[in-house]
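For clarity, every value in this text was computed on a predicted model and none was experimentally measured.
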Amino acid sequence: MHISPLQPISTSPACVSGDVTIDPSAAIALGVLIQADPNSKIIIAAGVCIGMGSIIHAQGGKLEIASGANLGAGVLILGQGKIGENSCIGSLTTVLNNSVAAGQVVAPGSLIDGISDRQTDPHIQANAMTNSQVEVTSSPETVV
């Protein structure tokens, strides 16, 4: 008896709607949602990598993901701003109406918030990890 392998529900890597420009060399995983509201635009440049389950949603202007940027799985980018060249955004990070500098590394689970007023909302202030950076060091390991 022959059993055929499981097939994906869709061969399209992402659900795209609105004014969206994606460079052909961008790598977009399955389950990514990319939406530009009316009067908004999304530009995804060459060499960008967007992880599975990420949501890119432009509201109120232009949202640009510059060349070589890497977005981990489950990243949410909402509003307008720019993700700089060769930046790396860790998985499960949320970027709200803000930008990430070129070459910046953002820790997984961070919140880069340009919407709320942290002075009046202590819950957000306590949990925000705005513009976090991760320093990666390696040490030799012994494998037995």
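- Across every non-hydrogen atom of Asp37 and Gln59, the tightest pair is OD2-CG, 3.1 Å.
- Of all non-hydrogen atoms in Ala36 and Ser40, the two that sit nearest each other are CB-O, 3.8 Å.
- Nearest approach of Ala29 to Gly51, heavy atoms of both residues: CB-C, 3.7 Å.
- The CG atom of Leu78 sits 10.0 Å away from the CD atom of Gln35 when rounded to the nearest 0.5 Å.
- Looking only at distances, no side-chain donor or acceptor of Ser91 sits under 3.5 Å from a matching main-chain atom of Gly72.
- At a threshold of 4.5 Å between non-hydrogen side-chain atoms, the residues Leu92 and Pro108 do not count as touching.
- Distance check, rounded to the nearest 0.5 Å: CD1 of Ile112 to CG of Leu76 gives 11.5 Å.
- Smallest separation of non-hydrogen atoms from Ala26 and Ile44: CB-CG2, 4.0 Å.
- Using a 4.5 Å cut-off on side-chain heavy atoms (C-beta onward), Leu111 and Leu96 make contact.
- Put simply, OG on Ser67 and CD1 on Ile43 are 12.5 Å apart, with the number rounded to the nearest 0.5 Å.
- Between atom SG of residue Cys49 and atom CD1 of residue Ile65 there is a gap of 11.0 Å, rounded to the nearest 0.5 Å.
- Counting heavy atoms from C-beta on, the side chains of Ile56 and Val20 never come closer than 4.5 Å.
- Residues Gly84 and Ala69 approach most closely at O-CB, 3.8 Å, considering heavy atoms.
- Across all their heavy atoms, Ser25 and Gly47 have their closest contact at OG-N, 3.0 Å.
- Atom NE2 of His57 sits about 7.5 Å away from atom CD1 of Ile42, to the nearest 0.5 Å.
- A 4.5 Å side-chain heavy-atom check between Ile83 and Val48 finds every atom pair outside the cut-off.
- Here the straight-line distance linking atom OG of Ser54 with atom CD1 of Ile34 works out to 9.0 Å at 0.5 Å rounding.
- Side-chain atoms of Gln80 and Asn97, non-hydrogen and from C-beta on, do get closer than 4.5 Å to each other.
- The side-chain contact (heavy atoms from CB on, under 4.5 Å) with Ile89 is formed by just one residue from the set Thr94, Val100, Asn70; it is Val100.
- No side-chain heavy atom of Val16 sits less than 4.5 Å from a side-chain heavy atom of Ile28.
- For the pair Val95/Val106, no side-chain contact is recorded, criterion being any heavy-atom separation below 4.5 Å from C-beta on.
- Within 6.0 Å of CG in Asn39 there are 12 or fewer heavy atoms belonging to other residues, nucleotides or ligands.
- When atom types are taken as modelled, the side chain of Thr93 and the backbone of Ala107 share a donor-acceptor pair closer than 3.5 angstrom.
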